[in-house]
Amino acid sequence: MSMTMQGQAERGFAQSLAYGWARLYTKGMTEGRREHRLQQIESDLFEHTTDRTEGGASPSLVGFETLERFLRGIPADVLWRFQLEGINMRIRIPVERVVGGILLSLVVLIMIATSISGYDTARAGWEGELARLSELPNYQVAGNMLFQSFAGLSLIVLAAVLYAALRGRSAILSTFCGFSFAAAGVLTFVASALYGVVATLADETSTGLGGANILVTSRAFALAMDDVVRAGGLLSLSGIYVLATIAFRERLVPRRLLGLAVMSGGLVFAAWIVEVVADKPDWNWGVFMSGAALAMLWLIVAGGWMVLGNAAHSLGGGHDDAAAHPV
Amino acid sequence: MRRKPGTLFPIEVSILAAGVDLVRAGEVEFHGYAIARAISEREEARRLTAHGTLYRALDRMEDAGLLTSVLEDADVAAENNRPRRHLYRVTALGERALVAARPDSVPAGALRKGANPA
């Protein structure tokens, strides 16, 4: 297959972009179909550039025309691909790359989802805390809620993709894993809504609209929000542990990485013991956060390994199509 | 997009009409960019047809038998120092479809000599 532009017309930035887009949207198609379309585009780019250059147009004008033609055609390109293959469309991205990308995304999403408000419900004098929080500008409150909602939605979508990518490996574990992250996403939505309620109550307190009961009510909502965030965090952790189990069983990552997840689980369990038995909140917080940090570290290392590592090497089970397991 | 049997999309009418113009001008076969330019000139459009729109329509019309295409001989392309062209022809079916869509657009049988019968 000729993939280089021949002849007198040099391929500029716009031409390279248009051709790169054609390579992208034809990825995974049958070789004949793909070659046919790439030849059409390659020839068109060449003829267009040559024709316009010979007509006296400047390279920048030709580049602009090319860019504009390719951009206007993107919807038709996507529709064409979808109409050819419909729901059977195969993009053929190795499953490791997909899962690895999700793991790295989860690091960011979980951190957003579990750092929702900045409210200190343990602080002595909730009234003062509420007054301080009422000074947050509205755009900041709205921005926080939007950010949280986006994180919740993303968690749900990633849970679905994870399930789809891993169900062939382990139906039960991938169901549990997908459920954990999806539930964490739903709880993030709930926490975002509770955050909005507390922010509104804080505003009402500062303007003198609320009575004495508003302090109790707002604190109740803030405490509920804290617990919802905590439950979401625990669900995310359980999802990570299940993911670590799948990755260990399927040899998606070096098996010794499981040690990180085991240590993380041990610390989280120890934090629970400290809370129940010793009743030392400071110790509990420190131990729990160490466990959570190790879980995050597992996500980063495992995600990076899957994204950058050798897919053929990391796949187990002796699949013949190991190098390009379609999602 | 679904079409009613026997009807053409506007872009298909434009392609067939421009293809007929090219045949009249002596180009029995034409490549994708040539048809985009012919459409632009014929319809006095400021912009050329987008890549995606053009090639999606050309593939669809070929599947429907309105056009045929061949890949240019590699030696010819090499001699001219350019990528190989996909060369299209309006078929008799395509000609009839154009006449049906625009009765005044082309005299019946005007292309019979140059067009590839379907």
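Proteins come first, then strands; the chains are lettered A, B, ... in the order of their sequence lines, and each starts at number 1. Note that the structure is predicted; figures quoted are calculated from it, not measured.
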Between CZ on residue A:R81 and CZ on residue B:R56, distance to nearest 0.5 Å: 14.5 Å

Measure distances from B:A34 to the heavy atoms of chain A and classify the residue's part below 4.5 Å as side chain, backbone, both or neither. neither

Shortest non-hydrogen contact from B:N81 toward A:F46: O-CZ, 3.7 Å

Taken to the nearest 0.5 Å, the spacing of B:R46 CZ from A:E65 CD works out to 11.0 Å

For A:R69 and B:T49, indicate whether the former's side chain and the latter's backbone hold a donor-acceptor pair under 3.5 Å. yes

Rounded to the nearest 0.5 Å, the OG1 atom of B:T53 sits from the CG atom of A:D77 at a distance of 8.0 Å

Heavy-atom closest pair, residues B:A50 and A:G73: CB-N, 3.5 Å

Between B:L54, B:L71, B:D59, which shows the greatest number of heavy-atom pairs under 4.5 Å with chain A? B:D59

Judged by modelled atom types alone, do A:Q83 and B:R60 share a side-chain donor-acceptor pair under 3.5 Å? no

Pairwise distance CZ(B:R82) to OG1(A:T50) - rounded to 0.5 angstrom: 9.5 Å

If you define the side chain from C-beta out and look only at heavy atoms, does anything of B:R85 sit under 4.5 Å from A:E47? yes

Rounded to the nearest 0.5 Å, what's the gap from CG on B:L48 to NE2 on A:H48? Could you check? 5.0 Å

Separation of B:H51 NE2 from A:Q40 CD (nearest 0.5 Å): 11.0 Å

Can you label the angle between the B:H86 ring and the A:H36 ring as parallel, tilted or perpendicular, going by 30° and 60°? perpendicular

Turns out that what part of A:A22 lies under 4.5 Å from chain B's heavy atoms comes down to neither

